[in-house]
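Below: one structure, written as structure tokens.
Bear in mind that the values here come from a model prediction, so they are computed numbers and not experimental data.
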Amino acid sequence: MAQNQSAAQTLTGTAQGAVLRPGRAADPVPAEAVKAPSDNDPQAPVAAPPAASPKDSDGGTGESASESTSGPKQASDANAEEHEYSEPVQAESRQRKLRLMLRQCDRVLLMDFELLAMNDWPDNFSVAAARRSRDLWVFSALVAAVVFLSGLTGFVPAWIAGGGFGAFVIILLLGVPVVRRVYTSTPSYLDLLLKRQRLMRDARKHAEHLEGKEGLIWQCARMADFNPALKSTRFSSLLRLSEQKSLPQALSRREHIRLYLIYLLEAEKAYSKVQAAFFEGNQEAIDQGWQTVAAEPEERT
């Protein structure tokens with residue numbers, strides 16, 4: 001029993017203060033090895049980091065906190081300054097663009113609606129009726145002339161030939177405009193044709209005045225953002241001719257004049273919106289104190 005107790009004490013002491021070597025007796029562990037274990041020993045306890053002093057901890061916390069708060073504050077200040085600088089620049093660019101649109105398309109305000117609408121244009125029914133009257137007048141004059149010539153050849157009696165000659169003279173007189181206005185107010189076929197030519201000529205002259213040397217409607221096309229109707233494909237031929245400065249010469253039919261008038265009406269709507277946007281931006285610039293942006297529109301020429 002005593003031997004077992006002594007053996008147990010020996011094993012316990014060996015486990016605590018000795019290192020067992022296989023095949024030989026246990027050697028006592030040096031004191032230096034016990035006090036400073038090797039870093040390569042996996043069973044060595046990990047040394048705790050030195051505790052920071054209150055002064056160091058307080059100082060480090062203050063600096064990190066100040067740096068963390070100053071960083072976002074500087075970034076926000078930089079963003080605010082950049083926004084304050086870019087906003088007037090954008091407003092000035094937008095006002096310059098609107099001013100250019102107003103200057104290039106201001107001639108649309110000179111449009112004469114009555115002249116381009118051609119409300120007095122003779123319709124096809126009136127022209128057809130006048131053509132029938134003209135044909136009847138020509139036929140009657142030819143019949144009277146044939147009767148008169150037949151009397152000269154002796155084919156018909158002389159009194160019939162004389163009557164034919166009188167009818168021929170009367171018919172010719174009825175065709176004279178001064179005499180014709182005495183018994184009827186209906187315009188003749190020639191009058192209707194001359195009226196159509198006059199209306200077309202006046203409309204083309206007015207379109208030439210509006211287009212000028214630069215061309216009007218192709219410059220108004222930049223206002224399409226304010227009126228999407230200007231982007232319609234039916235105006236593409238007009239825009240091309242206006243850019244080539246040959247639009248007035250190409251307006252040879254009433255349909256062309258009406259299409260040109262429709263485009264001018266849509267451009268006038270867009271012009272009103274551009275003008276309202278310009279004055280609104282100008283008032284906003286005055287309220288913000290942006291003197292470079294707040295400028296009066298140039299005079300129209």
Side-chain angles (χ1 to χ4, degrees), residues 107-149 163-211 215-218 220 227-242 244 246-271:
R107 297 180 68 87
V108 74
L109 301 178
L110 303 177
M111 176 189 62
D112 190 346
F113 178 81
E114 296 296 332
L115 190 59
L116 294 178
M118 295 186 292
N119 294 324
D120 297 335
W121 182 266
D123 55 356
N124 294 331
F125 178 78
S126 300
V127 174
R131 186 187 294 112
R132 286 195 300 269
S133 300
R134 190 272 317 264
D135 295 341
L136 180 62
W137 174 79
V138 173
F139 178 75
S140 301
L142 289 177
V143 170
V146 169
V147 171
F148 172 70
L149 294 176
F165 177 77
F168 177 73
V169 173
I170 293 174
I171 292 173
L172 288 180
L173 291 176
L174 292 178
V176 177
V178 177
V179 180
R180 192 174 188 279
R181 295 190 186 98
V182 175
Y183 67 93
T184 182
S185 59
T186 304
S188 63
Y189 179 71
L190 181 61
D191 294 338
L192 295 180
L193 292 182
L194 293 177
K195 187 176 183 179
R196 279 188 172 186
Q197 293 178 2
R198 178 176 55 83
L199 292 175
M200 181 64 66
R201 182 175 62 253
D202 295 341
R204 292 178 63 180
K205 285 184 178 179
H206 186 58
E208 184 177 1
H209 173 68
L210 292 178
E211 288 295 311
L216 175 62
I217 63 173
W218 80 274
C220 295
N227 189 0
L230 298 178
K231 298 180 181 179
S232 179
T233 55
R234 61 176 178 169
F235 301 128
S236 59
S237 59
L238 293 179
L239 294 175
R240 184 179 65 257
L241 292 173
S242 178
Q244 297 173 356
S246 60
L247 179 60
Q249 293 78 12
L251 300 176
S252 58
R253 300 178 60 182
R254 189 193 181 197
E255 291 78 7
H256 302 160
I257 300 294
R258 297 298 294 270
L259 186 62
Y260 182 74
L261 175 61
I262 293 173
Y263 189 91
L264 290 181
L265 293 175
E266 297 294 340
E268 188 177 12
K269 294 179 183 179
Y271 186 89

Q: Tell me, with the steps shown, if W137 and L172 meet side-chain contact (heavy atoms from CB on, under 4.5 Å).
A: CA-CA 9 Å; W137 174 79; L172 288 180; 4.3 Å; yes
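- L216 has its side chain within reach of L264: a pair of non-hydrogen atoms, C-beta onward, lies under 4.5 Å apart.
- Between S237 and R240 there is a side-chain heavy-atom pair separated by less than 4.5 Å.
- I262 and R234 make their closest contact through CG2-NH2, 3.7 Å (heavy atoms, listed as atom of the first residue, atom of the second, distance).
- The number of heavy-atom neighbours closer than 6.0 Å to CD of E208, taken from other residues, nucleotides and ligands shown, is 12 or below.
- Looking at D123, its side chain does come within 3.5 Å of a backbone N or O of S126 through a donor-acceptor pair.
- A 4.5 Å side-chain heavy-atom check between M111 and L265 finds at least one atom pair inside the cut-off.
- Inter-residue side-chain proximity for L174 and Y183 is flagged as met; some heavy-atom pair is nearer than 4.5 Å.
- In terms of modelled atom types and a separation under 3.5 Å, the side chain of S133 and the main chain of A129 share a donor-acceptor contact.
- Atom CG of residue L199 and atom CD1 of residue I257 lie 10.5 Å apart, to the nearest 0.5 angstrom.
- Shortest non-hydrogen contact noted between P122 and V127 is CB-CG2, 4.2 Å.
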Q. Which is it for D191 and K195 under the side-chain contact (heavy atoms from CB on, under 4.5 Å) test, yes or no, and what are the steps along the way?
A. CA-CA 6 Å; D191 294 338; K195 187 176 183 179; over 6 Å; no
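- Side-chain contact between R131 and D135: present, with at least one pair of heavy atoms (C-beta onward) separated by less than 4.5 Å.
- Note that the CZ atom of F113 and the CG atom of N119 stand 6.5 Å from one another [nearest 0.5 Å].
- Side-chain atoms of R107 come within 3.5 Å of backbone atoms of H209 as a donor-acceptor pair (strictly under, hydrogens ignored).
- Distance check: N227 CG to E268 CD gives 11.5 Å after rounding to the nearest 0.5 Å.
- Remark: side-chain polar atoms of H206 are paired, donor with acceptor, to backbone N or O of D112 under 3.5 angstrom.
- Applying side-chain hydrogen bond (donor to acceptor under 3.5 Å, both in side chains) to Y260 and the options E211, E255, R204 leaves one that passes, E211.
- Ring to ring, F235 and Y263 are close: their centroids are under 6.0 angstrom apart.
- Across all their heavy atoms, V182 and V178 have their closest contact at CG2-O, 3.5 Å.
- Rounded to the nearest 0.5 angstrom, L193 CG and Q197 CD are separated by 6.5 Å.
- Closest of all the heavy-atom pairs between A130 and P187 is CB-O, 4.1 Å.
- In this structure, OG on S185 lies 9.0 Å from CZ on R180, to the nearest 0.5 angstrom.
- In this structure the side chain of L239 reaches within 4.5 angstrom of the side chain of I217, judged on heavy atoms.
- Closest heavy-atom contact between L251 and M200: O-SD, 3.9 Å.
- Scanning both residues, V108 and A267, for their nearest heavy atoms gives CG2-CB, 4.1 Å.
- One distance of note links OG of S232 with CG of L259; it measures 8.5 Å at 0.5 Å rounding.
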